[in-house]
Visitor: 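So that we are looking at the same thing, I have put the structure below in C-alpha cells.
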Amino acid sequence: MHSKGILHRDVKPSNIVYTENRASVKLIDFGISHIVLPPVPKRKAAMSVDSGSLQAELYDLFRESDLLKRTGTPSFLAPEVVWYADDSDSATTSQELFGTGSSTRTFPMPKIRPPITPAIDIWSLGVTLYCLLFGHTPFTGVPVGSDSCHQTEFTLYLQICTQDWSVDEHMGAERTPTGGRRPKDKGSDGFFVMQLLDAMLQKNPKDRISLSNLKVSLMTMVTWIPTHCYR
C-alpha cells in the first residue's frame with residue numbers, strides 16, 4: 001500500500017478483519033485514503049482538469065493540502081495530523097490539564113508542523129496494537145481529576161501531541177504482566193511489547209519505526225498475539 005503511495009489514514013481495530021479461513025488479516029475501508037502523487041514537473045504546472053487526462057484528475061482529486069485535514073478517528077490520529085499552532089506555553093497547559101504529580105513524560109509541541117507521511121499509519125497501527133493489548137486507547141482526552149467520562153477534542157489532541165502513554169499492570173486476555181512502562185526484565189514479554197509500542201508511537205514521525213522494520217519485529221510476535229490479545 002505505502003509502496004504505491006497510498007496512505008490509509010484510518011487504521012483501527014474495526015478496519016482490520018480476518019480472511020474466512022483466518023489464515024491472514026486484511027485492511028478494509030479506504031474511504032478516506034489519500035494517494036501521494038509525485039510533484040508536477042514545472043512544464044506541466046499549468047495542467048488542469050479541463051485537459052481531460054487521468055493524471056490531471058488525480059492531482060485535482062488528491063490535493064496535497066487535503067493531508068493537513070484532521071481526517072480519521074480522533075483517538076487513532078498521529079501527532080502530526082492533530083498538530084496545531086500553539087502560541088502559549090504548552091508545558092504549562094499540560095500541567096494544568098494533566099497535573100504535575102504524574103510520572104508521565106511530556107513533549108514540547110513542535111513549532112512547525114511535521115510532514116504527513118506513511119508514518120501516520122504506523123502510529124495508528126501502534127494505537128491499534130495498544131487497544132488489542134489493553135482494551136482501550138492510550139490517550140483518553142479526559143483531564144486528570146475530571147468527573148466526566150467524556151473526552152474533549154482539545155484535551156485529546158494535546159495528549160497525543162505532548163503526553164507520553166502509560167500502561168496497565170497486565171496486558172491481554174491472559175493478563176500477562178507488563179512490567180510497567182519500562183520493564184527491567186529484558187527477557188520478558190512485557191519488555192518486548194513495550195519496545196515495539198515505543199517504536200511505533202514515537203511523537204516525531206522521523207523517529208517512528210519503518211514499515212519494513214516493523215514487519216520483521218511483528219514476525220516474532222505472530223505466535224504470541226492470537227492467544228494474548230483481546231478479541
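Please read these numbers as outputs of a predicted model, since none were measured by experiment.
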Visitor: Looking only at heavy atoms, which two atoms of S14 and I28 are closest? And how far apart?
Guide: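 Closest approach of S14 to I28, heavy atoms only: O-CD1, 4.0 Å.
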Visitor: To the nearest 0.5 Å, tell me how far E80 CD sits from L68 CG.
Guide: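 E80 CD to L68 CG: 11.5 Å, rounded to 0.5 Å.
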Visitor: Side chains of L214 and L196: does their closest heavy-atom pair fall under 4.5 Å?
Guide: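 Yes. Closest side-chain heavy atoms under 4.5 Å.
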Visitor: Taking all heavy atoms of I116 and all of L7, pick out the closest pair and write down the distance.
Guide: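 Answer, listing the atom of I116 first, then L7: CG2-CD1, 4.3 Å.
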Visitor: In Å and rounded to the nearest 0.5 Å, what is the CD to OG1 distance from Q159 to T137?
Guide: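 Separation between the atoms: 8.5 Å.
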Visitor: Among R181, R208, R182, find the residue that satisfies the side chain to side chain donor-acceptor pair (under 3.5 Å) test when tested with D198.
Guide: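 Running side chain to side chain donor-acceptor pair (under 3.5 Å) over R181, R208, R182 with D198 returns exactly one hit, R181.
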Visitor: Could you check whether any side-chain N or O of K203 sits under 3.5 Å from a backbone N or O of Q163, counting only pairs where one atom can act as donor and the other as acceptor?
Guide: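 Looks like yes, one N/O pair under 3.5 Å.
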Visitor: Nearest 0.5 Å please: distance from the CG atom of L37 over to the OH atom of Y59.
Guide: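 Spacing of CG (L37) from OH (Y59) equals 5.0 Å.
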Visitor: Taking V82 as the starting point, is it possible to reach I32 by hopping between hydrophobic residues whose side chains are less than 4.5 Å apart?
Guide: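 Different hydrophobic clusters.
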Visitor: Would you say that L133 contacts L197 through its side chain, given a criterion of any heavy-atom pair below 4.5 Å between the two side chains?
Guide: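 Yes, at least one pair of side-chain atoms sits under 4.5 Å.
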Visitor: Measure from the side-chain N and O atoms of W123 to the backbone N and O of L77, and report whether any donor-acceptor pair falls under 3.5 Å.
Guide: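 It does hold such a pair.
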Visitor: Is F30 reachable from V17 through a run of I, L, V, M, F, W or Y residues, each pair having side-chain heavy atoms under 4.5 Å apart?
Guide: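 No.
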Visitor: Do V127 and S75 have side chains that approach each other closer than 4.5 Å (heavy atoms only, starting at C-beta)?
Guide: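 A side-chain contact under 4.5 Å is absent here.
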Visitor: Say whether, by atom type as modelled, one donor and one acceptor occur between the side chain of S124 and the main chain of I120 under 3.5 angstrom.
Guide: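 Yes, the answer is positive, given that a donor and an acceptor are paired below the 3.5 Å cut-off.
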Visitor: With a 4.5 Å heavy-atom cut-off, do I209 and I122 have their side chains touching?
Guide: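 A side-chain contact exists here, since the closest heavy-atom pair is under 4.5 Å.
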Visitor: Taking side chain as C-beta onward, heavy atoms only, is I16 less than 4.5 Å from L27?
Guide: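 Yes, close enough: below the 4.5 Å cut-off.
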Visitor: Do the non-hydrogen side-chain atoms of P183 and F192 ever get within less than 4.5 Å of each other?
Guide: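 Not touching, per the 4.5 Å side-chain cut-off.
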Visitor: Hey, is the main chain of R9 close enough, under 3.5 Å, to the side chain of D121 for a donor-acceptor pair?
Guide: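 Side chain of D121 to backbone of R9, a donor-acceptor pair under 3.5 Å: yes, one is there.
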Visitor: Against P79, only a single residue in T162, L201, I160 fulfils side chain to side chain contact (heavy atoms under 4.5 Å, CB included); can you say which?
Guide: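 Passing option: I160.
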Visitor: Nearest 0.5 Å please: distance from the CG atom of L156 over to the OG1 atom of T140.
Guide: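 These two atoms lie 7.5 Å from each other.
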Visitor: Over all heavy atoms of both residues, which pair between F107 and C161 is shortest? Give the atoms and the distance, please.
Guide: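 The pair with the smallest heavy-atom distance is CB-O, 4.1 Å.
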Visitor: Under a 3.5 Å distance rule, please check whether D10 uses its side chain to pair with a backbone N or O of T73 as donor and acceptor.
Guide: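 Answer holds: yes.
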Visitor: Under 4.5 Å between any side-chain heavy atoms of F76 and V11, yes or no?
Guide: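 In short, these two side chains do not touch, never coming nearer than 4.5 Å.
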Visitor: Return the minimal non-hydrogen interatomic distance between D66 and H34, and the atom names on each side.
Guide: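 Closest heavy-atom pair between D66 and H34: CB-CE1, 4.1 Å.
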Visitor: Closest heavy-atom contact between Y84 and L158?
Guide: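 Answer, listing the atom of Y84 first, then L158: OH-CD1, 3.0 Å.
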Visitor: Is any side-chain heavy atom of R63 less than 4.5 Å from a side-chain heavy atom of D60?
Guide: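 Result yes, sub-4.5 Å side-chain heavy-atom pair found.
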Visitor: Find the distance between CE (M1) and CG (L211) and round it off to the nearest 0.5 Å.
Guide: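 Here the rounded value is 7.5 Å.
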Visitor: Give a yes or no answer on whether the side chain of D168 reaches the backbone of H170 with a donor-acceptor pair at less than 3.5 Å.
Guide: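 Between the backbone of H170 and the side chain of D168 there is no qualifying donor-acceptor contact (under 3.5 Å).
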Visitor: Does the plane of the ring in Y130 sit parallel, tilted or perpendicular to the ring in H136? Use 30° and 60° as the thresholds.
Guide: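 The rings of Y130 and H136 stand perpendicular, inter-plane angle above 60°.
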Visitor: Transitively linked via ILVMFWY side-chain contacts under 4.5 Å: L125 with Y18?
Guide: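 Cluster IDs for L125 and Y18 match.
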Visitor: Does V81 offer a backbone N or O that forms a donor-acceptor pair with the side chain of R113 under 3.5 Å?
Guide: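 Judged by distance alone, yes, a pair lies under 3.5 Å.
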Visitor: State, to 0.1 Å, how close D185 and F191 come at their nearest heavy-atom pair, and which atoms those are.
Guide: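 For D185 and F191, the tightest heavy-atom pair comes out as O-CB, 3.1 Å.
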Visitor: I'd like to know if the side chain of D29 and the backbone of N15 have a donor-acceptor N/O pair within less than 3.5 Å.
Guide: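 No, D29 side chain to N15 backbone: no donor-acceptor pair under 3.5 Å.
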